[in-house]
Every structure is written in structure tokens, then in C-alpha cells.
Amino acid sequence: MSPNPSDTSASTSGQAILVSVGWPYANNHLHAGHLAGAYLPADIFARYQRMRGNRVLMVSGSDSHGTPVTVRAEQEGATPEAVFERYHQSFLETFKGFGISFDIFTSTDTPNHIEVTQDLFLRMLKQGDLYEAEQELLYDATAGRFLPDRYVEGICPRCQFDGARGDQCDNCGATLDVLELINPRSKLSDATPERRKSRHFFLRLTAFTERLIEWIERADHNNWRPHVRNFTLGMLREGLIDRAITRDITWGVPIPLEGYESKRIYVWFEAVIGYLSATKEWASANGNPDGWHAWWTDPAARTVYFIGKDNVPFHTVIWPAMLMSDGTLNLPSDVPANQYLTMSGSKASKSRGGVVWLPDYLERYDPDPFRYALAAAMPETSDADFTWAEYVRRNNDELVARWGNLVNRVLTITRRNFDGRVPEPPRLLEPGIFSGDVLRHAPYRLSPESRALLDRVDAAFNTVGGDYDRVQMRRALTGAMEVAGAANQYLDTRAPWQAVKADRDHAAETLYVALNAISGLVTMLNPVLPFTTQRAWEYLGHEGTVGIAGWRRTPVLAGTVLPEPGPLYRKLDDSVVAEEEARLGL
RNA sequence: GGCAGGAUAGCUCAGCGGUAGAGCAGCGGACUCAUAAGCCGUUGGUCGCGGGUUCAAAUCCCGCUCCUGCUACCA
């Protein structure tokens, strides 16, 4: 049973919310850092908003262009298309495996994206926000390619450190101009690059500085994450620099003008447009080509961008400037960028190893425990560390022992003692005095502690929901799990396994209440644990999917037949820690 | 260099102006429905260092030390 993605995205009520997720470079598989940084928080947020009845559209796609894809292709002797296709397929499988519920996951290699990009390019050119100028660049004659700054190394003109990159010296921290480097050499071929002039289009970022500052400083951006807001403001106050948005390459979106056949629009300008083109593609595919307006031109829409922190400038400066240039499109409502996830203390990185590859993980373990462990340790305010020891601990102590066991013990006692059905608590009216309909519809007589537990569950929908809405996933998860703890306490206090022998009404009430509390928890935890909560939902005798029932405690009705449950999570042996750490190669 | 975040119990972290908190680990206990899970109690901290503001600071301000990250042409 798959925890289906878009139960309600086609619904016409609720607020339009665009969940935009960073576009992964199609030059390698995805790893845990990608999941914790962008895809998981976006998915949790999207699932929550769908349950609230909002019109969610979750979009992203593979970034098929860019130097790394080309470089990888050359290393393999393959075409960039082949490299991109391979990893695009990998991404799709990974998202399916982890239940990342995109409404559309497309790529930048589509006719639609090229058209949308070229259209915006031409309009910005007409507006004067793009202009043409000559630029002097380093050219690697051996590799036959102009070199991005970071692909050039040499001696730092400030500190004489040999190994400075074209953009920055790692030794003294100075920001460099690639042309200043002494004895430059290409990282691609080790050749000495030569200077060549080339005409390019530039984005007139400097023209947007004031408008961007005003926009960021507006009151409603005070709840942006401090690191996102401060970084952006700092950048704006330091002064923006017009950037070239075209390159002398052949893999990318063509420039829609004559005489530029050897150049392409560069990824950092083009990829962010993907949010818009993906929305348009989705709308067309759903038979309503104008449908994209609901998220992009209706000011009531909310647009949230889930990215890693390295991506902040593109989403809080460059993309907003492009949207301002257009003038009709909504600016980002929030950019809740995450910090980095470190793996046992070292940075997760495609290049440096020490990485948990997601396709690899899925071959050995279930998705929900990973979603849970990452959500519980999500790098929301600062870098967070992932260790396998902590993963096993959270799986065993929190998912198995506290939550899974709660579900299992309640279902088991109930089925054994009440004929496999949800028992009925005693009602307020005593039989004999009234009868028939009056008796059948009288409210249940619940003890104060029963009432208190259900109240606590219901109240948690507000607090936990608010946390999901503010993209504070750790807090949301803590709040929900505390309620699971309260349910365990309640059970111990009421000891229904004893009460069944002496006072069946007492036990009936306890189990009825516990089942209802679990029903609430299933909904509350569903955004984080979509697979296992769906199973728990079915164990409770509910029909359909968790998501469709909405953001509220769905009542478990007395008399409902309970199917035979199975364990939601499996306990992991401690040996997993050593095995996986060996695999990490740390 | 600039900027940001962090430094709190053995471990992972929360608290961010009002007598130090959680989970795990450790110790003790009562129970036994459950994937030997759950529940109750308990040991344990001069809240990185030095100043300052305040009736009151882990919490605000200044300085310092250490760690991590970002620094827009590898998105």
C-alpha cells in the first residue's frame, strides 16, 4: 500500500501552497544529506498541508545541465544526456522508495523548460535587466573549454599560497578574481589556461538591491530562519555584482537569439526557472494549462522553497530579482533552508565519501525509520550530526518501544478480550431507565484521565500542526512522541490487562480511549512516517488512506472489527552500527 | 578576512530574564498486555572563559578561546 502523493492536490478548496524543492544535480545518486536538507522537510510539510485541505503542489526536477554533468560524462566517455538520464531514473526510484510525494518531478531537459526559460530570458532582455558585455575568461585549450573559476588553481596573489582556487583562497580566505591567480592551471587537464575574450549576457542584479532589501526587511519575513535572513541581508548590504548568465558551452538551454549558437544559458540562471516551468508542465499534463496561475500569480498563494544552505543566494537574491523583473510572479514566502547534516562528524559530500547513499540504504532497511531519525535530528538551526548508533537507538527505543509497542499492545489486548472488535465504554445513562435510541445515542461516561488523554491528543493537533506549518520538524516530532508517552502512562495507570478480569467496563473504556488516542497519533505522525502509519491506520479498522481523513483525530467507533496487526517496526541489532560505519569508510 | 551557527548532565540535545530540563546510558522499584517493550523513582551539571547590565542571566551587552558552516562563475 503506497502512501499516495496527491490525494488532495486536485481539490479546489484551501490555500494554494507551492512546495518548491531544490533541483538535484544529475551527476550522482542522492545521499542522506539531500534527504535531510531538502526532500524530507519538503515532503513532511507537503503531507501536512494536504491533510489541512490546502491545494499543495510539490515540484522539482533533475538539473540536467552544468559543468559537473559534462565533466562526469567525459570521464565516462558517455554523453551528458546519458549521465543525466541514469541519475534522473535513480532520483525517481529514491523518491518512490522514501515516499517523497512530488506532484511532479521533471527535469531541465524538457522542451517546456527550454521554452519557459527562453521566454523569461527575452522578456528580461527587453526590460533591460539583462545586458550584453565582453568578458575575459580563462580557456583550457587542452580540454577545449572555458573554465569556471573553481576549476582553476594557482598561487594566491595575497598570501602566496599555492593551491588557491579561482574564486577564493582557502588559505587566507580572500575572495579572488580568477585572472589574478599566479601560475594558473586547469583542474581539468593541468594545462596552463590562456586568456580569451567572450561576449556574454549579464543579469543586472545591481538594479534590484534596494527592492530586495525592502522585500527582505518586511515584517512578515521576521520569522524567516535567522541564518537565511541575515545571510541575505549581509549580501545585499555588501553590494551585489552583475553576473554573467551565459557560458561558452554546448550542453544547456540555447540562447534564443541569432549568433549565439556556441553559448548556452548557465544553470544558476536557468535551474531556478524550473519551479515555474515544472508548475506549467504539471498544469498542462492535468488538462488545465492555465492552472499554474493559482500558485504563481494569485497573491493569496504561499510559495515555500526547501533547499540546503549552500543554495540560499540563488533563492533569496537571484530568483527574487528575476521574479521582480517579470513583475507578475509571486516572490518566495519563505526559504526555510536547512544547514548541513554531518555523518559521524564529517560533512556529507558527494566527493569526499562518508556518505549514506539513499539507493543503498533502501536495499537494506525500511524508509520510515530513516525518515524518523533524520526528522528528529534535522539540521534546522545548525548543522546536525547523523550516526548509525543514534539511528539504531531511535529505531529501537522510540519507534519500536514507545510508539510501535503502544499500537501493538493495545490492539493485542483488545482483540483477545473483546472478540476482535473495538469495545464500547459505558454510557452516561443507565439501561433500564431509558431505552432504544436515547440509550444508544447517550455520550460515553469517560473518567477524567480518559478525557484528559483524548484532550491532550486533540490539543496536540494544534501545537504539532503549528510546528509542521512553521517547518520546525524536530519540535513537531517531539511533541507527537510526547503524546505517545502519555498514552503509555495512561495504559499503565489503568492496567486494562488486569481490569478485563474484574471490571470489563473499565477495560472497555481504557481500550476504546487508547485506540482513539492512537488514531490521533497515526494522523499526527503520518507526515513523518507515511508508510507505517498507513498500516497502523488499517489495523485500527479505518478505510482508505490516513491523508484523506484530514488533520483531526478520526474516531475509532465501537464495534469496528480489528484486523490482525503485525509489528510496525523491526528491532535492529547493535551490530548494524559497526556494519554501517564500516561501510561509511570512516 | 567577512558573516552565521554552536560550546548546557557520561552521550545526543532542548531551554534563551525569574530557584538548571528531556531522551539515552547508570542505579533502585512495582508491574507483566506487548517486538524482555511499557511505567515509577533516582545518581549526575560552578550552563566554554573573563568582564558588564539587572532585584534577578544558561538566557541581554562587550571581549576572548575552540568547533562547524557559508562566502553568490562545482548552485
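Quantities reported herein were computed from a predicted structural model and do not represent experimental measurements. A note on names: the letters A, B, ... follow the listed sequences, proteins ahead of strands, and every chain is numbered from 1.
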### Query
Got a sec? Which of residues 399-423 of chain A come in under 4.0 Å of RNA chain B, heavy atoms?
A:Val400, A:Ala401, A:Asn405, A:Asn408, A:Arg409, A:Thr412, A:Ile413, A:Arg416
### Query
Below 4.0 angstrom from OP1 or OP2 of B:A37, is there any side-chain N or O of A:Lys571?
yes
### Task
Name the nucleic acid region contacted by A:Gly479, choosing base, sugar-phosphate or nothing; use a 4.0 angstrom heavy-atom cut-off, strictly under.
nothing
### Message
Show me the pairs that pass salt bridge (charged side-chain N to carboxylate O under 4.0 Å, His left out) and involve residues 198-210 of chain A, at least two apart or across chains.
### Response
A:Glu132-A:Arg199
### Task
Measure distances between side-chain N and O atoms of A:Arg243 and base N and O atoms of B:C73, and say whether any donor-acceptor pair falls under 3.5 Å.
yes
### Message
Parallel, tilted or perpendicular, judged at 30° and 60°: which one describes the rings of A:Phe201 and A:Tyr260?
### Response
tilted
### Message
B:C40, OP1 or OP2 - any side-chain N/O from A:Gln489 closer than 4.0 Å?
### Response
yes
Restricting both atoms to N or O, compile the protein contacts to nucleotides 11-17 of chain B shorter than 3.5 Å, with distance only.
from: B:G15; atom 1: OP1; to: A:Arg475; atom 2: NH2; distance (Å): 3.2

### Task
Report the distance from atom CG of A:Asp248 to atom C1' of B:C73, rounded to the nearest whole Å.
12 Å
### Task
Provide the distance between the two P atoms, one in B:C55 and one in B:G44, to the nearest whole Å.
34 Å
### Summary
Atom CZ of A:Arg225 and atom P of B:A4 are separated, to the nearest Å, by 18 Å
### Task
For the pair A:Trp388 and A:Phe386, name the ring-plane relationship: parallel under 30°, tilted 30 to 60°, perpendicular over 60°.
perpendicular
### Message
Once you apply a heavy-atom cut-off of 4.0 Å, does A:Tyr569 come out as touching a base, just sugar-phosphate, or nothing?
### Response
base
#### Entry: Rounded distance in Å between the P positions of B:G6 and B:G38
32 Å
### Query
What interatomic distance, in whole Å, is found between P of B:C11 and the corresponding atom of B:G1?
30 Å
### Length of the CG-P vector between A:Leu205 and B:A72, whole Å
13 Å
#### Entry: B:C24 to B:C62 separation - C1' atoms, rounded to the nearest Å
38 Å
### Message
I want to know whether A:His34 and A:Phe91 have ring centres closer than 6.0 Å.
### Response
no
### Message
Using 30° and 60° as the class boundaries, would you call the ring planes of A:Trp268 and A:Phe314 parallel, tilted or perpendicular?
### Response
tilted
### Task
Look at the rings of A:Tyr139 and A:Phe146 and say which category their plane angle falls in: under 30° parallel, 30 to 60° tilted, over 60° perpendicular.
perpendicular
### Task
Find the distance A:Leu491:CG to B:C39:P and express it as a whole number of Å.
10 Å
### Query
What class does the angle between the rings of A:Trp251 and A:Phe84 fall in, given that below 30° is parallel, 30 to 60° is tilted and above 60° is perpendicular?
tilted
### Query
Hey, does the side chain of A:Gln498 come within less than 4.0 Å of B:C33's phosphate (OP1/OP2), counting only N and O?
no
Atom pairs, protein N/O to nucleotides 26-30 of chain B N/O, distance under 3.5 Å:
none

### Task
Check whether any side-chain N or O of A:Tyr266 sits under 4.0 Å from OP1 or OP2 of B:C73, and answer yes or no.
no
## Note on the structure
Atom CG of A:Leu568 and atom C1' of B:A37 are separated, to the nearest Å, by 14 Å
### Query
If the C1' atom of B:C47 is compared with that of B:A9, how far apart are they to the nearest Å?
10 Å
### Message
Using a strict heavy-atom distance below 4.0 Å, which residues from residues 499-515 of chain A are in contact with RNA chain B?
### Response
none
### Message
I'd like the C1' distance from B:U8 over to B:A14, given in whole Å.
### Response
10 Å
### Task
Write down the distance separating the C1' atoms in B:G17 and B:U54, rounded off to the nearest Å.
9 Å
## Note on the structure
Note, RNA chain B 5' to 3' with Watson-Crick or G-U pairs under 3.5 Å encoded as ( ), [ ], | and . gives (((((((..((((....[..)))).((((.........)))).....(((((..]....))))))))))))....
### Task
Round to a whole Å and report the spacing from CD of A:Glu482 to C1' of B:G38.
17 Å
